[in-house]
Amino acid sequence: ITTAARGIGKSIALLFARQGADVYFGGRNEKYVRTTEKELQAIRPGCRGYVVDLAKADQTEAFVDAAVKDSGGFDILVSTVGVNCHCPAAEYKDEDMFRLLETNYLSGVRCARKVIPTMQARGGGSIINIASIAGLGGNPPEMQTIAYNTSKGAVVNFTRALACEWGHLGIRVNAIA
């Protein structure tokens, strides 16, 4: 799970652990990562957390490499990351858009690229991308979330394309909006 130190990702991680899965997850805040890691290890001792900033390509790839090495391979990848920036469209700075695209979209692409070979070797798997209804259309003007909507729209379309490319090889790819 790309991020599970708190929020939706943590809820998914707890559910998976209660169902018998060893969960490997990332998070930016070390305190939250270690707290969640202890909670998960009380359920499944093999669970492990990693401190990672998914907005940074090198950290994302190192995180997935370490998790794949530690786990022996993935059956399921859940990409849960989502950050936002509220700003009128005409005032967005490039760095805000790049940060949201790097974090919300490209981190999931990088993780999928790294785990697909391990899924192939295991005979298949499942990739679940947490998108957003915002990625399917616009929001009311007062929300001012064009960068978030754009990044989650990219997640939706990446999921569609990946499902077409890898589904016939036993790797199921879905998005939850």
Side-chain angles (χ1 to χ4, degrees), residues 1-16 21 23-29 32-33 36 50 52-61 63-64 67 74-116 118-119 124-177:
I1 301 175
T2 57
T3 55
R6 56 190 183 138
I8 293 170
K10 182 175 181 176
S11 295
I12 293 168
L14 288 166
L15 175 68
F16 279 21
V23 177
Y24 298 81
F25 71 95
R28 239 182 350 195
N29 182 300
Y32 291 132
V33 168
T36 299
Y50 305 81
V52 59
D53 182 349
L54 294 171
K56 295 181 174 24
D58 59 335
Q59 287 189 36
T60 302
E61 293 186 2
F63 153 59
V64 178
F74 284 8
D75 296 310
I76 302 169
L77 169 67
V78 184
S79 183
T80 57
V81 68
V83 297
N84 205 342
C85 178
H86 297 272
C87 182
E91 297 175 20
Y92 265 104
K93 297 180 177 116
D94 285 352
E95 56 266 20
D96 294 328
M97 183 64 81
F98 291 141
R99 180 176 58 88
L100 268 68
L101 287 170
E102 282 284 342
T103 306
N104 296 350
Y105 167 59
L106 288 173
S107 67
V109 171
R110 291 181 183 113
C111 290
R113 183 175 60 214
K114 290 280 190 174
V115 302
I116 284 172
T118 71
M119 289 180 175
S126 178
I127 298 172
I128 304 163
N129 294 318
I130 305 299
S132 170
I133 194 74
L136 302 174
N139 284 335
E142 63 273 7
M143 290 186 72
Q144 301 178 335
T145 57
I146 193 167
Y148 179 80
N149 296 26
T150 300
S151 68
K152 289 299 186 172
V155 169
V156 169
N157 285 302
F158 169 69
T159 301
R160 289 179 179 140
L162 202 59
C164 290
E165 186 173 327
W166 291 97
H168 72 282
L169 297 172
I171 299 173
R172 186 178 63 247
V173 187
N174 298 99
I176 300 172

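Source: prediction; values computed, not measured.
Applying the side-chain contact (heavy atoms from CB on, under 4.5 Å) criterion to Gln144, with sequence neighbours excluded, gives Pro88. For the side-chain hydrogen bond (donor to acceptor under 3.5 Å, both in side chains) test, no residue two or more places apart in sequence or in another chain qualifies with Tyr32. Every salt bridge (Lys or Arg N to Asp or Glu O under 4.0 Å) that Glu61 has, sequence neighbours left out, goes to Arg113. Here Asn29 pairs with nothing under the side-chain hydrogen bond (donor to acceptor under 3.5 Å, both in side chains) rule; sequence neighbours left out. With sequence neighbours left out, Phe158 forms a ring-ring contact (aromatic ring centres under 6.0 Å, His included) with no residue at all. Qualifying side-chain contact (heavy atoms from CB on, under 4.5 Å) partners for Ile133, counting only residues two or more places apart in sequence or in other chains: Leu136. Shown here are the side-chain contact (heavy atoms from CB on, under 4.5 Å) partners of Val33, two or more places apart in sequence or in another chain: Ala5, Phe25, Val51. By the side-chain hydrogen bond (donor to acceptor under 3.5 Å, both in side chains) test, Lys93 pairs with no residue at all, sequence neighbours left out.
The stretch residues 3-16 participates, sequence neighbours left out, in these side-chain hydrogen bond (donor to acceptor under 3.5 Å, both in side chains) pairs: Thr3-Thr80, Lys10-Glu39. Pairs of residues two or more places apart, or lying in two chains, that qualify as side-chain hydrogen bond (donor to acceptor under 3.5 Å, both in side chains) and include a residue from residues 166-177 are Ser126-Arg172. Screening residues 94-106 for salt bridge (Lys or Arg N to Asp or Glu O under 4.0 Å), with sequence neighbours left out, gives Glu102-Arg110. Legend: side-chain hydrogen bond (donor to acceptor under 3.5 Å, both in side chains) pairs involving residues 127-143, not counting sequence neighbours, sorted by first then second residue: Asn129-Thr159, Asn139-Thr145, Asn139-Asn149.
Residues Val64 and Val52 fail the side-chain proximity criterion, which asks for heavy atoms closer than 4.5 Å.
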